[in-house]
Trainee: 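Let me begin by handing over the structure; questions about it come next.
Quick note: numbers below take in every heavy atom, side chains included, and nothing from hydrogens, waters or symmetry partners. We're numbering straight along the sequence, starting at 1.
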Amino acid sequence: SNETTRMAVRLGFETIDDACLAHILKHVDVETLIETAMAYPKCRWTRVMRRHGVWKDAFARRWKVAELHVDDDTLERAAFYLRATLEDFRKVHHVSRCDNLASIAVRHGIDCTTLKSSNNLFNEQSLHCRSKIYIPIRDECQLINKEVSIEKEELLKRYLLLVGEPTTSGAQPSHEDERYLMPRRISDSEERLKLLAETMQRSLRIDLNTCRYYLLNNEQNLARAMGEFQEDAEWEATSTD
């Protein structure tokens, strides 16, 4: 990075306008861009790379995608997607009532173990606690000319690069989404369910959606809900042996 910067200064890059500098930077290899941005996070080069889409173009060249959609192009995010591996790319599968782990695995050409480990799923019940799950991309050819968006997945506690679901700024929410956007008063029953789910989560170390499923299935009886989950987990472990 230091040598690249010194060379740029010698060549007079610091005296040219931002658009011309961006054009030059688009021909620099990805690793040099990352090193420069990390070494000089507040310098003019890094600012130009962000404002003129240099990072996005470098990503698109590397993976042969049509476009990368990202609203908040911070240095942290740029470092993630510029260093991304194939394992960071996923497709989204929206879970329907008739889905099960085996049918989803067959549909996408992967095995059930990979599907479960990629989404922190324990069993069939935990699948139906989710509205969507993520399917690993197996081959770089699946990325060619696709649009990619970046998302921080809270359940998996990591960034993901989602293939085929671009982020559209300013898009109007659907009627289904509006239910979750409208402010409403939380009832005592919902507050109790939340507290019980958090207690169950701490005890069993599972995600909150799974806890809510078992609690609602057992009339919010914590002992019965935990017992049913443990029975299902034991059955699942036995059936896979």
Side-chain angles (χ1 to χ4, degrees), residues 80 87-138 149-165 167 173-241:
F80 161 72
E87 201 269 334
D88 295 308
F89 290 87
R90 305 290 172 87
K91 290 186 295 184
V92 174
H93 176 91
H94 295 280
V95 179
S96 67
R97 291 181 181 178
C98 60
D99 277 337
N100 59 53
L101 290 170
S103 67
I104 296 172
V106 170
R107 177 177 175 181
H108 294 284
I110 60 175
D111 59 82
C112 287
T113 302
T114 300
L115 183 63
K116 289 163 69 175
S117 62
S118 299
N119 291 277
N120 290 349
L121 295 171
F122 297 95
N123 48 36
E124 296 288 350
Q125 285 74 19
S126 58
L127 169 66
H128 288 282
C129 295
R130 312 278 181 89
S131 60
K132 62 183 179 180
I133 59 173
Y134 302 98
I135 311 299
I137 298 294
R138 295 171 297 154
S149 61
I150 184 171
E151 177 181 298
K152 189 163 189 180
E153 171 50 46
E154 297 303 329
L155 280 175
L156 303 181
K157 301 185 185 305
R158 57 174 294 185
Y159 282 118
L160 294 176
L161 291 160
L162 305 184
V163 179
E165 287 209 350
T167 303
S174 66
H175 292 301
E176 186 176 350
D177 294 334
E178 285 173 358
R179 294 178 310 186
Y180 302 99
L181 297 176
M182 292 177 64
R184 60 189 180 88
R185 183 175 175 271
I186 298 176
S187 67
D188 292 340
S189 176
E190 288 174 315
E191 184 63 29
R192 181 173 182 274
L193 176 61
K194 179 178 178 240
L195 292 172
L196 288 172
E198 289 172 349
T199 301
M200 187 171 172
Q201 181 190 40
R202 287 193 296 270
S203 299
L204 300 178
R205 299 182 182 276
I206 58 179
D207 65 85
L208 277 173
N209 286 331
T210 301
C211 296
R212 288 174 60 88
Y213 171 84
Y214 280 95
L215 285 164
L216 290 171
N217 211 35
N218 288 278
E219 299 177 339
Q220 298 191 32
N221 183 304
L222 181 60
R224 289 211 316 254
M226 292 176 69
E228 184 181 346
F229 171 81
Q230 288 170 332
E231 286 176 9
D232 286 345
E234 288 170 7
W235 180 86
E236 184 76 14
T238 304
S239 64
T240 54
D241 288 343

Trainee: What distance separates Leu162 CG from Ile150 CD1, expressed to the nearest 0.5 Å?
Mentor: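 Reported value, rounded in 0.5 Å steps: 9.0 Å.
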Trainee: Could you tell me whether the side chain of Glu124 and the main chain of Asn100 form a donor-acceptor pair under 3.5 Å?
Mentor: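 Not a single qualifying donor-acceptor pair exists.
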Trainee: Indicate yes or no for a side-chain donor-acceptor contact from Ser118 to the backbone of Leu115 under 3.5 Å, with no hydrogens or angles considered.
Mentor: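 Looks like no, no N/O pair under 3.5 Å.
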Trainee: Using the test ring pair (Phe, Tyr, Trp, His ring centres under 6.0 Å), find all partners of His128 that sit at least two apart in sequence or belong to another chain.
Mentor: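 Per chain and number, His128 pairs via ring pair (Phe, Tyr, Trp, His ring centres under 6.0 Å) with no residue.
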Trainee: For Arg107, does the CZ atom sit with more than 12 other heavy atoms under 6.0 Å from it, leaving out its own atoms?
Mentor: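 At most 12 heavy atoms, drawn from other residues, nucleotides or ligands, come within 6.0 Å of this atom.
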Trainee: Rounded to the nearest 0.5 Å, what separation is found between the CZ atom of Arg192 and the CG atom of Leu222?
Mentor: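 The CG atom of Leu222 is 9.0 Å from CZ of Arg192, to the nearest 0.5 Å.
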Trainee: Between side-chain atoms of residues 208-218 and protein atoms elsewhere (two or more places apart, or another chain), which donor-acceptor pairs fall under 3.5 Å?
Mentor:
unit_1 : atom_1 : unit_2 : atom_2 : d
Thr210 : OG1    : Asp207 : OD1    : 3.2
Thr210 : OG1    : Asp207 : OD2    : 3.0
Tyr214 : OH     : Asp232 : OD2    : 2.8
Asn217 : ND2    : Glu228 : OE2    : 3.2
Asn218 : ND2    : Tyr214 : O      : 2.8
Asn218 : ND2    : Glu228 : OE1    : 2.6

Trainee: Rounded at 0.5 Å granularity, tell me how far NE2 in His108 sits from CD1 in Ile133.
Mentor: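 Spacing of NE2 (His108) from CD1 (Ile133) equals 7.0 Å.
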Trainee: Nearest heavy-atom pair of Leu101 and Leu127: which atoms, and what distance?
Mentor: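 That closest heavy-atom pairing would be N-CD2, 3.8 Å.
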Trainee: Among Phe80, Phe89, Tyr134, find the one that has a ring pair (Phe, Tyr, Trp, His ring centres under 6.0 Å) with Tyr159.
Mentor: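 Going through Phe80, Phe89, Tyr134 one by one, the ring pair (Phe, Tyr, Trp, His ring centres under 6.0 Å) with Tyr159 is satisfied by Phe80 alone.
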Trainee: What do you reckon, is NZ of Lys194 surrounded by more than 12 foreign heavy atoms closer than 6.0 Å?
Mentor: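 Not buried by this count: 12 neighbours or fewer within 6.0 Å.
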Trainee: Donor-acceptor pairs under 3.5 Å, side chain of residues 198-206 to any protein atom, not counting sequence neighbours: which ones?
Mentor:
unit_1 : atom_1 : unit_2 : atom_2 : d
Thr199 : OG1    : Leu195 : O      : 2.9
Ser203 : OG     : Thr199 : O      : 3.0

Trainee: Would you mind reporting whether Arg224 and Glu219 have side-chain heavy atoms less than 4.5 Å apart?
Mentor: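 They are in contact (side-chain heavy atoms under 4.5 Å apart), so the answer is yes.
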Trainee: Out of curiosity, Lys116 NZ to Ile104 CD1, how far, rounded to the nearest 0.5 Å?
Mentor: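 Output value for this atom pair is 12.5 Å.
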Trainee: Just by modelled atom types, is the Thr113 backbone N or O under 3.5 Å from a matching donor or acceptor in the Ser117 side chain?
Mentor: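 Here the side-chain-to-backbone pair exists.
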Trainee: Between Lys132 and Glu151, does at least one N-O distance fall below 4.0 Å, as a salt bridge requires?
Mentor: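 Salt bridge flag = yes for Glu151 with Lys132.
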Trainee: I need the Glu87 CD to Ile137 CD1 distance, nearest 0.5 Å.
Mentor: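 Those atoms lie 11.5 Å apart.
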Trainee: Would the distance check show the side chain of Arg130 and the main-chain N or O of Leu121 forming a donor-acceptor pair, the cut-off being under 3.5 Å?
Mentor: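 No, Arg130 side chain to Leu121 backbone: no donor-acceptor pair under 3.5 Å.
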